[in-house]
Amino acid sequence: MNLWGDKPYHSLDWELKKRFGQKVYRLALNGGTTCPNRDGTVGTGGCIFCSEGGSGDFAGRAALSVPRQMEEQKKLLSSKRPASLYIAYFQAYTATYAPVDYLRKIFTQAIEQPETAVLSVATRPDCLPEECLDLLAELNQIKPVWVELGLQTMHEDTARFIRRGYDLSVFEQAVSALRSRQLEVIVHTILGLPGECGENKKRVFETMEYLNRQDVQGIKLQLLHVLKNTDLARYYFQTKGMERSSSLPAFAPLDMDEYIDLVIECLEMLRPDMVIHRLTGDGPKDLLIAPEWSSRKRTVLNTLHHRMKECGAYQGRRYAGANGDGSLPARRESNG
C-alpha cells in the first residue's frame with residue numbers, strides 16, 4: 001500500500017508536500033489567551049490532564065510579540081534543519097478566547113509573515129462566536145486557516161470525568177459553522193483516557209467511527225501523558241496505591257505495545273482522506289511522570305512504521321466506506 005509516499009497513512013508531511021511542494025514546519029505560538037475552563041466561566045481547574053502551560057509547553061513566550069515568537073522558533077528550527085515555509089500554530093490554552101480585535105491583531109501578524117503557509121488555531125468548540133468565525137473566514141481568503149478542536153472523546157461520561165466542559169452537540173455545531181465557512185477542521189483525540197467506564201478499545205473505536213461521519217479534514221491521535229501538578233497526576237498516584245481509594249476507577253497509562261497496536265487499529269478504521277496530524281507526543285521532560293517510554297518519540301514512530309509494514313496495515317483498510325484499495329468512493333456524503 002503506497003498511496004502516501006513512504007508511509008502507510010495519510011501523513012501531514014505528505015499532504016503539505018503535495019500542497020506546497022516542500023516540507024513545512026510548525027511554529028508553536030502563544031497568543032497570551034487563557035481558557036474558560038480555568039477562569040471560572042466553565043470551570044477553574046481545567047481539564048484534568050492539562051498542564052499549567054495549557055498544552056502549550058513547547059510554545060513561544062507570551063511576553064513576546066507574535067513576530068518575535070516566530071523569529072525565535074525559526075532560529076531553533078534552523079539550527080537543526082533548513083526550512084522556508086511554516087505553519088503559524090497558536091497552540092497554548094484556548095487561542096480564540098479573547099476579544100475579536102485582539103485576535104485580529106495577533107492572527108494577522110502571523111499570517112502576514114511571508115514564510116507563513118498556514119495559520120492553525122487550537123481552540124474549544126464553545127469559544128467560536130460568530131465574529132470570531134467571520135474573522136477566521138476572512139483570514140482564510142489570504143492563506144489557509146485550520147481550526148483545531150479539542151474533542152478528546154465522543155463519550156459524554158468520559159468528557160465529564162476529564163472536565164472537558166462542553167457537550168458533544170457543541171462540537172457538532174462548531175464543525176458545521178466552520179465548514180460552512182470553508183475552514184479546515186482538525187480534531188484532537190486522546191488515547192488511554194480514564195473514566196468511570198474507562199476508554200477501552202471499543203470506546204476509542206466508537207470515537208474513530210464517529211469522526212469518520214463528521215466533516216473534519218484531519219485528526220491528532222495523542223497519547224495521554226501524566227504531567228506534574230495536574231489533577232491527573234494526583235489521580236494516577238491514588239490509583240497506584242499511594243493514598244489509594246477503592247471508590248476510584250482503576251487507571252494505568254498504556255504501555256508502548258498497547259499504544260502502538262491501538263494506533264494501528266485506529267488508522268485502519270479512519271477514512272483514507274483524513275490527514276493524520278499526529279500519532280504520538282512527547283510531554284516536557286521536566287513535567288512528564290508517565291509513561292516514560294513516550295519520551296522516545298523516534299523509537300515509537302519507527303516501531304509503529306515497522307509493525308504496520310510487517311502486518312500489511314494501512315489507513316482505511318477497515319473503513320466501511322472505502323474501496324478495496326483503501327481509497328474513497330467517487331462520491332461521499334458529508335453531514336457537515
Side-chain angles (χ1 to χ4, degrees), residues 1-29 55-56 58-59 70 73-74 76-77 80-91 95 110-111 115-123 140 143-152 175 178-179 182-191 208 211-212 214-223 259-260 263-264 266-282 294 297-298 300-305 308-309 313-317 319 326-328:
M1 194 65 184
N2 195 31
L3 291 176
W4 309 285
D6 61 346
K7 295 185 178 69
Y9 54 86
H10 193 157
S11 72
L12 176 61
D13 183 59
W14 183 88
E15 181 67 22
L16 288 169
K17 286 177 181 175
K18 184 183 77 168
R19 293 193 197 186
F20 299 104
Q22 61 180 280
K23 197 168 181 68
V24 182
Y25 292 93
R26 186 183 286 112
L27 304 177
L29 307 174
S55 299
F58 297 110
M70 293 180 74
Q73 294 274 319
K74 288 176 189 177
L76 289 172
L77 276 170
K80 302 174 184 177
R81 54 187 73 87
S84 59
L85 287 179
Y86 301 94
I87 299 169
Y89 176 35
F90 285 86
Q91 179 181 28
I111 209 167
E115 294 172 322
T116 297
V118 176
L119 172 67
S120 190
V121 179
T123 189
N140 195 41
K143 290 177 183 176
V145 174
W146 299 345
V147 180
E148 306 197 16
L149 300 177
L151 176 67
Q152 321 315 351
V175 171
L178 290 164
R179 294 301 296 141
Q182 288 79 52
L183 292 156
E184 291 195 31
V185 179
I186 300 151
V187 180
H188 293 207
T189 61
I190 296 181
L191 307 187
M208 299 301 121
L211 290 174
N212 274 338
Q214 304 305 306
D215 189 8
V216 300
Q217 289 63 57
I219 188 171
K220 287 185 175 180
L221 300 171
Q222 172 69 52
L223 169 68
Y259 183 74
I260 287 174
V263 167
I264 291 172
C266 288
L267 288 172
E268 290 200 309
M269 295 181 70
L270 288 170
R271 298 191 325 250
D273 67 316
M274 195 179 297
V275 180
I276 309 302
H277 285 244
R278 179 177 293 167
L279 287 175
T280 183
D282 47 349
S294 66
K297 186 175 179 180
R298 179 48 53 192
V300 176
L301 289 174
N302 286 343
T303 304
L304 172 74
H305 295 154
M308 290 187 77
K309 183 178 180 181
Y314 58 87
Q315 182 178 341
R317 185 168 76 163
Y319 170 56
S327 62
L328 286 170

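Just so it is clear, the values below take in all heavy atoms, side chains as well, and ignore hydrogens, waters and symmetry mates.
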Subject >> Salt-bridge contact Arg19-Glu184 (side-chain N to carboxylate O under 4.0 Å) >> reply: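 Glu184 and Arg19: salt-bridged.
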Closest heavy-atom contact between [X] and [Y]?
X	Y	answer
Met208	Cys266	CG-SG, 3.8 Å
Gln315	Leu270	CG-O, 3.8 Å
Leu183	Gln217	O-OE1, 4.1 Å
Pro272	Tyr319	CD-CD2, 3.7 Å
Ala110	Leu119	CB-CD1, 4.3 Å
Lys143	Ala117	CB-O, 4.1 Å

Subject >> side-chain contact (heavy atoms from CB on, under 4.5 Å) between Ile111 and Val145, intermediate numbers included >> reply: CA-CA 9 Å; Ile111 209 167; Val145 174; 4.2 Å; yes
Under 4.5 Å between any side-chain heavy atoms of [X] and [Y], yes or no?
X	Y	result
Val300	Leu279	no
Val185	Asp215	no
Leu27	Leu77	yes
Trp4	Ser11	no
Arg278	Gln222	yes
Tyr86	Lys74	yes
Ile87	Leu16	yes

Rounded to the nearest 0.5 Å, how far apart are [atom1] of [X] and [atom2] of [Y]?
X	Y	atom1	atom2	result
Leu221	Tyr259	CG	OH	6.0 Å
His188	Leu149	NE2	CG	8.0 Å
Leu12	Trp146	CG	CH2	5.0 Å
Gln214	Ile219	CD	CD1	11.5 Å
Leu3	Tyr314	CG	OH	8.0 Å
His10	Met274	NE2	CE	11.0 Å

**OP:** Would you kindly say whether Glu148 and Tyr89 are connected by a side-chain donor-acceptor distance under 3.5 Å?
**Re:** yes
Original post:
Would you find a donor on one side and an acceptor on the other, under 3.5 Å apart, between the side chain of Ser120 and the backbone of Ala88?
Top reply: no
Original post:
Would His305 and Tyr9 satisfy side-chain contact (heavy atoms from CB on, under 4.5 Å), going step by step from the backbone distance to the final call?
Top reply: CA-CA 10 Å; His305 295 154; Tyr9 54 86; 2.7 Å; yes
Subject >> Lys309: partners by side-chain contact (heavy atoms from CB on, under 4.5 Å), with sequence neighbours left out >> reply: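 In terms of side-chain contact (heavy atoms from CB on, under 4.5 Å), with neighbours along the sequence ignored, Lys309 is linked to no residue.
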Original post:
Which of these, Ile260, Val263, Leu191, Leu301, sits in a side chain to side chain contact (heavy atoms under 4.5 Å, CB included) with Thr280?
Top reply: Leu301
Original post:
How far apart are the C-alpha atoms of Leu267 and Met308, what are their side-chain angles, what is the distance that settles it, and do they pass the side-chain contact (heavy atoms from CB on, under 4.5 Å) test?
Top reply: CA-CA 10 Å; Leu267 288 172; Met308 290 187 77; 3.8 Å; yes
